[in-house]
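Read through the structure below, which is laid out as structure tokens, and then see the notes.
Count residues from 1 along the sequence. What you are looking at is a predicted structure, and each value in this text was computed from that prediction instead of being measured.
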Amino acid sequence: MDGLAARWWDPKGPMAPLHAMNPARCGWIVARLARLHGRDPAGPAPLAGLRVLDVGCGAGLASEALARAGAQVTGLDAAATALAVARAHAAAAGLAILYRQGMPEGLLAEGGPRFDAVVALEVIEHVADREAFCRHLAALMAPGGAVFVSTLNRTSRSFVMAKIGAEYLLRLLPVGTHDWRMFVRPAELGAELRAAGLRVSDITGLIRDARGGWSTGRDVGVNYLVMAR
């Protein structure tokens, strides 16, 4: 992802699909996290005072959206160049986001405070050991918190739409962004989260319309997002 860092915040650049998807996925997360803590999702700063970890944050699209909702956000990523872009963009926007380079297991080893929410968006389909990754997410979560994971379902439709269509036909993503064999079925993700001591408490599809907009809904056949407790 370092190679894409310079254009990460270009809404018409290589990360255009994430820009378009971000309001829907972060809106869903903010609403559920706010309700979990007895807040009004539509109120000002509904996540005020809550500690949120954004794992695989890249240049900070989700981190900034969560910070604007009032959360105290830590963004974690292995890519130094993407983090430099994230820090510069957050500073220009006046957002106090702590960006850290590293992996979840490294953060765990430090023994620091845990988080009210741990978010990993469009990350797990790139992870070789998903069970270990889920264990790390769970261990970073504070008691009573929540883990949010978004990914791609491994279906024939996702192969056509998210791999062939998005990468080769429409050129919405750089070729090679995804390996369809790494896509994760909801039942597989649920089992891996359960093995980590978590239970899926909510799930939604992330659905792209013909105009390129995104919404949440029941169709989990391509992109989906889960909340686990």
Contacts of type side chain to side chain donor-acceptor pair (under 3.5 Å), residue [X], not counting sequence neighbours:
X: His37; result: none
X: Arg130; result: Glu192
X: Arg39; result: none
X: Asp116; result: none

Gap between atom [atom2] of [Y] and atom [atom1] of [X] - 0.5 Å precision:
X: Leu121; Y: Leu66; atom1: CG; atom2: CG; result: 7.5 Å
X: Met21; Y: Leu225; atom1: CE; atom2: CG; result: 9.5 Å
X: Asp77; Y: Met103; atom1: CG; atom2: CE; result: 9.0 Å
X: Cys57; Y: Leu83; atom1: SG; atom2: CG; result: 5.0 Å

Taking every non-hydrogen atom, the tightest pair across [X] and [Y]:
X: Ala67; Y: Val73; answer: N-CG2, 3.6 Å
X: Leu61; Y: Asn22; answer: O-ND2, 3.1 Å
X: Pro104; Y: Leu76; answer: N-CD2, 3.6 Å
X: Gly145; Y: Met141; answer: C-SD, 3.3 Å
X: Val30; Y: Ala69; answer: CG2-CB, 4.0 Å
X: Gly70; Y: Ala45; answer: CA-CB, 4.2 Å

For this session: Report yes or no: do Val222 and Ile207 belong to one cluster of Ile/Leu/Val/Met/Phe/Trp/Tyr joined by side chain heavy-atom distances under 4.5 Å?
Result: no
Problem set entry | Hydrophobic cluster membership, Leu108 vs Val123, 4.5 Å side-chain cutoff | yes
For this session: Let me see the working for Leu53 and Val119 under side chain to side chain contact (heavy atoms under 4.5 Å, CB included), right down to the final yes or no.
Result: CA-CA 6 Å; Leu53 175 65; Val119 175; over 6 Å; no
Problem set entry | Side-chain (Arg154) to main-chain (Phe183) donor-acceptor, under 3.5 angstrom | yes
Exercise. Short question: side chain of Asn153, backbone of Val220 - any donor-acceptor pair under 3.5 Å?
Worked result: yes
Contacts of [X] that satisfy side chain to side chain contact (heavy atoms under 4.5 Å, CB included) - sequence neighbours left out:
X: Val226; answer: Val149, Leu189, Leu193, Val200, Ile203, Tyr224
X: Ala132; answer: Asp129, Arg135, His136
X: Met227; answer: Trp28, Arg32, Leu36, Ala146, Phe148, Ser201, Asp202, Arg229

Exercise. Which pairs pass ring pair (Phe, Tyr, Trp, His ring centres under 6.0 Å) with one or both residues in residues 96-124, sequence neighbours excluded?
Worked result: none
For this session: Just grab all the ring pair (Phe, Tyr, Trp, His ring centres under 6.0 Å) pairs involving residues 42-89, residues at least two apart or on different chains.
Result: Trp9-His89
Exercise. Is Cys134 close to Ile124 at the side-chain level, that is, under 4.5 Å between some pair of heavy atoms?
Worked result: yes
Exercise. Any side-chain heavy atom of Glu122 within less than 4.5 Å of one from Leu18?
Worked result: yes
Seminar exercise, completed: In short, salt bridge (charged side-chain N to carboxylate O under 4.0 Å, His left out) pairs touching residues 86-106 with sequence neighbours left out are Arg100-Glu110
Problem set entry | Pairs meeting criterion salt bridge (charged side-chain N to carboxylate O under 4.0 Å, His left out) with involvement of residues 49-75, two or more places apart | Glu64-Arg68
Seminar exercise, completed: Residue pairs passing the side-chain hydrogen bond (donor to acceptor under 3.5 Å, both in side chains) test with at least one member in residues 209-221, sequence neighbours excluded, are Arg157-Asp219
